[in-house]
Student: 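Sharing a structure with you now.
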Protein chains: 2
Amino acid sequence: MNAKTIKDVAKAANVSYSTVSRAVNNRPGVKEATRRRVLEIAAALEYRPHGPARSLVNRKTHTIGLIIPDITNPFFPELAREIEERAQASEYSLMLCNTGWDEAKERSFIALLTERRVDGIIIAPSAHSAEQLDRVLARINLPVVYVSHAPRGTRRPYVVMDDELGGSLAAEHLLAQGVRSIGFIGATDESVSIEGRLTGFRQACNRRRFPAECRVVVLEKLRGISGYEVVQRLLDEGRCPEALFCENDILALGVIEGARERGMRVPDDLLVIGFDDIPFARFQSFSLSTVAQPKREMGRLAFDLLLAEMEPPTEADGPEPARNGSDQPAAAAPAGRAQGAREGARSAAARHPHAEHQIVLKPQLVTRRTSVKIETTDARRVNRARTE
Amino acid sequence: MNAKTIKDVAKAANVSYSTVSRAVNNRPGVKEATRRRVLEIAAALEYRPHGPARSLVNRKTHTIGLIIPDITNPFFPELAREIEERAQASEYSLMLCNTGWDEAKERSFIALLTERRVDGIIIAPSAHSAEQLDRVLARINLPVVYVSHAPRGTRRPYVVMDDELGGSLAAEHLLAQGVRSIGFIGATDESVSIEGRLTGFRQACNRRRFPAECRVVVLEKLRGISGYEVVQRLLDEGRCPEALFCENDILALGVIEGARERGMRVPDDLLVIGFDDIPFARFQSFSLSTVAQPKREMGRLAFDLLLAEMEPPTEADGPEPARNGSDQPAAAAPAGRAQGAREGARSAAARHPHAEHQIVLKPQLVTRRTSVKIETTDARRVNRARTE
DNA sequence: ATGAAAGCGCTAACAA
DNA sequence: TTGTTAGCGCTTTCAT
């Protein structure tokens with residue numbers, strides 16, 4: 001009684017079912033009158049094409065997988081929403097995979113998505129063993145784009161931030177407040193991004209010739225441990241520095257929380273700066289200084305890169321009539337909307353190493369209250385000057 | 001060169017492909033030795049069953065759709081994570097659909113998911129015209145569970161909160177602080193839940209014989225307008241009450257923000273209470289009083305309900321050996337973890353009206369700082385006594 | 001225990 | 001313009 005098929009429609013319309021198929025898919029070669037009649041009948045019967053059957057013959061599911069570590073960290077919903085929106089605009093659905101920072105889950109999701117025959121995957125890897133991930137992915141022959149962070153040295157496309165620069169900006173800023181000790185909090189074993197942030201932090205310290213003994217670096221596995229606990233432990237151990245750079249905003253908020261719990265005032269007794277610029281950071285109540293990531297842009301670019309892989313632009317797409325040089329990058333203006341991304345007709349694999357597919361976004365320091373020693377009106381300067 | 005099929009495996013293993021199918025699916029009727037050999041070869045070839053093809057014959061995609069209004073409101077990621085986790089445990093994938101409170105999008109997602117032949121849908125409807133939604137859904141013959149809010153009078157299963165009680169609790173609490181004017185902020189046209197919260201608010205006011213002229217109710221379409229703006233407008237118009245009940249936490253945080261912008265102190269000059277208890281509410285920096293929703297439980301129950309619809313418990317599931325009466329509910333314990341809600345073996349459609357499928361969770365008042373007039377130690381009493 | 005064959009709903013040659 | 005037919009990769013009778 002349920003689920004009409006193309007045959008039901010064909011029977012009702014007194015045509016062959018290939019005609020129905022043509023009509024439904026807006027293919028040429030059907031008399032306009034016939035098409036209308038078929039479509040009418042299809043509607044009346046509430047006919048719905050059978051996606052999986054289509055996928056079987058088209059070898060295309062119009063679905064992409066999105067693998068992220070933690071949807072409850074506000075950074076990722078921002079990313080996810082943008083990607084979802086873009087995907088929808090290009091007729092793709094999104095399969096959401098939340099790993100909870102579990103590498104095993106991550107791999108099993110990849111396997112799952114492969115079986116489901118998604119057309120591509122966008123992944124914000126949670127694993128440190130990223131090179132290994134890259135190898136896992138290499139064996140499935142699927143367009144993949146890294147977002148947020150990428151395995152070092154991967155040849156795949158990605159959209160990430162300049163984490164070193166970001167870390168550097170944060171540290172510079174804290175040091176500029178004249179603190180005599182400084183700390184970094186983050187689980188560097190979790191991702192290369194975090195490592196990068198630490199590297200930037202160290203570089204800045206070195207540049208300023210900031211003595212190593214005045215630096216505290218907390219690297220422990222933070223999974224399940226919050227900034228709230230970390231700062232309290234530092235306090236307990238009597239080695240809490242005057243300023244803390246936290247690898248992400250949630251961590252930073254936890255730190256502030258924990259510090260206040262112990263009667264410390266932020267920024268008076270402790271300077272704090274985070275990373276990401278989640279929407280909550282800007283609230284006056286927190287007014288958290290942070291290094292902003294352009295999440296929307298990141299999401300948008302990630303999807304565009306994936307789309308370019310999934311639907312390789314044909315020669316016809318570009319207006320330029322001839323190739324200019326055989327091995328020249330050929331001025332690839334990255335993806336207009338869906339179409340646009342012009343490039344050579346080389347195989348997807350061969351394209352990867354090109355710079356246009358490995359995008360590094362610039363971070364932006366956002367100075368709010370938690371990181372500024374003396375409260376001046378100037379402190380809020382950057383507060384509203386946000387990009388997004 | 002890619003994507004091995006069952007035939008490749010069959011050829012390599014020198015068996016018919018039906019044997020491979022049996023082996024891969026752990027079906028009986030294959031010699032153990034054969035099975036092992038086949039499995040080995042399959043692994044060596046990196047054979048991956050083709051999901052869509054399977055779906056075509058099995059008439060099951062092992063995918064569910066999750067339709068929510070706004071993934072960037074922290075309430076929904078909490079819900080989504082729980083659902084995703086449960087789904088994963090039961091071998092279901094999640095298709096994420098973010099409507100942005102757009103009813104048209106909502107409907108088109110439903111159509112899309114239907115075409116994709118998902119096995120079921122969990123939807124947190126954004127539409128006010130919920131009855132209409134119910135009718136839309138009625139025409140697709142698919143298990144659907146409402147979560148967070150449900151159309152009034154629907155016969156479908158749902159998991160919601162007792163919004164009236166929640167609204168009532170919030171209002172009672174504010175009134176108990178001895179305020180002389182009080183306000184409600186929320187777009188009641190957005191969902192029945194919000195209406196319910198307003199109703200509860202009004203009931204509480206009436207119960208206390210609180211004069212109507214001392215109540216302010218802001219009902220405008222809030223889409224795109226934040227609490228930040230609303231409170232400032234109230235201030236401008238000189239009709240800002242002493243206490244504000246905001247229909248959700250994000251709204252409440254915006255209100256606090258806006259009030260502070262105007263130099264008001266919360267709670268000294270303005271009491272504020274929210275709804276949802278998003279993770280950020282508990283942060284000392286906000287310390288937002290709110291009415292807590294049990295998001296995890298909501299998500300869990302919603303999935304369990306859906307699962308029960310998708311995989312109707314068979315007679316065999318229950319331990320009771322015989323039917324007691326022909327038309328009696330016949331206490332069949334539904335699917336494993338989804339225990340509890342027992343029901344008869346009638347068709348899914350016939351089951352809906354049963355109370356066990358329409359779950360109303362109790363809200364819990366969480367009193368933090370933003371709603372308490374005089375700062376006593378007592379004020380933080382409930383602060384940590386949270387369920388989740 | 002294994003194989004042969006039909007068919008899930010659809011698209012795309014190829015014929016007519 | 002329309003119909004016929006052959007698969008897409010898989011599961012499942014039904015034979016063997």
Side-chain angles (χ1 to χ4, degrees), chain A residues 1-39 41-42 45-63 112 114-119 140-142, chain B residues 1-39 41-42 45-63 112 114-119 140-142:
Chain A
M1 54 159 229
N2 193 30
K4 303 285 180 257
T5 80
I6 212 172
K7 288 188 184 175
D8 298 316
V9 180
K11 207 169 297 168
N14 254 310
V15 292
S16 76
Y17 53 93
S18 50
T19 299
V20 178
S21 172
R22 281 188 275 254
V24 167
N25 293 300
N26 248 304
R27 290 270 186 295
V30 193
K31 214 198 313 175
E32 199 41 42
T34 320
R35 178 190 310 280
R36 256 206 311 282
R37 195 165 53 85
V38 169
L39 256 27
I41 294 181
L45 258 45
E46 297 194 358
Y47 164 73
R48 292 261 156 225
H50 191 289
R54 274 186 163 170
S55 299
L56 182 53
V57 21
N58 290 339
R59 350 211 87 241
K60 194 123 179 37
T61 53
H62 271 279
T63 302
L112 180 77
T114 314
E115 290 205 6
R116 294 272 205 269
R117 293 301 193 271
V118 295
D119 298 332
I140 69 173
N141 196 22
L142 216 59
Chain B
M1 54 160 233
N2 193 28
K4 303 284 178 255
T5 79
I6 213 174
K7 288 188 184 175
D8 299 315
V9 180
K11 208 168 298 169
N14 254 309
V15 292
S16 75
Y17 52 93
S18 45
T19 299
V20 178
S21 172
R22 283 187 274 252
V24 167
N25 294 300
N26 249 304
R27 289 272 184 294
V30 193
K31 214 196 311 173
E32 197 42 40
T34 318
R35 178 190 309 279
R36 256 207 311 283
R37 196 165 52 85
V38 168
L39 255 28
I41 294 181
L45 258 43
E46 298 193 356
Y47 163 73
R48 292 261 156 223
H50 191 289
R54 274 188 163 167
S55 298
L56 182 53
V57 21
N58 291 338
R59 351 210 86 240
K60 194 127 180 32
T61 52
H62 271 281
T63 302
L112 181 77
T114 314
E115 290 205 5
R116 293 273 205 270
R117 294 300 194 270
V118 295
D119 298 331
I140 68 173
N141 196 23
L142 215 59

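These numbers come from a predicted model, not from an experiment. In the text below, chain A, chain B and the rest are named by the order of the sequence lines, each starting its count at 1.
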Student: For the base of D:dG9, is there a side-chain donor-acceptor partner from A:Arg117 under 3.5 Å away?
Tutor: no
Student: If you compare every side-chain N and O of A:Ser21 against the phosphate oxygens of C:dT11 (OP1, OP2), does one of them come in below 4.0 Å?
Tutor: yes
Student: Taking only side-chain nitrogens and oxygens of A:Thr5, does any of them come within less than 4.0 Å of OP1 or OP2 of C:dG9?
Tutor: no
Student: OP1 or OP2 of C:dT11 versus the side-chain N and O atoms of A:Arg27: is any pair under 4.0 Å?
Tutor: no
Student: Assign each of B:Val24 and A:Val57 to its nearest nucleotide of DNA chain D by heavy atoms, then name whichever residue's nucleotide is nearer the 5' end.
Tutor: A:Val57
Student: Is B:Arg54 close enough to D:dT11 that one of its side-chain N or O atoms is under 4.0 Å from OP1 or OP2 there?
Tutor: yes
Student: Check this one for me: any side-chain N or O of B:Asn58 less than 4.0 Å away from OP1 or OP2 of D:dC10?
Tutor: no
Student: Answer with yes or no whether B:Thr19 presents, from its side chain, a donor or acceptor under 3.5 Å of a partner atom in the base of C:dA1.
Tutor: no
Student: Quick one: which of C:dA1, C:dC10, D:dC8 gets closest to the side chain of B:Lys31?
Tutor: C:dA1
Student: Counting only side-chain nitrogens and oxygens, does B:Thr34 get under 4.0 Å of the OP1 or OP2 atom of C:dT2?
Tutor: yes
Student: Could you state the CZ-C1' distance from A:Arg59 to C:dT11, rounded to the nearest angstrom?
Tutor: 12 Å
Student: What's the OH-P distance between B:Tyr17 and C:dA5, to the nearest Å?
Tutor: 9 Å
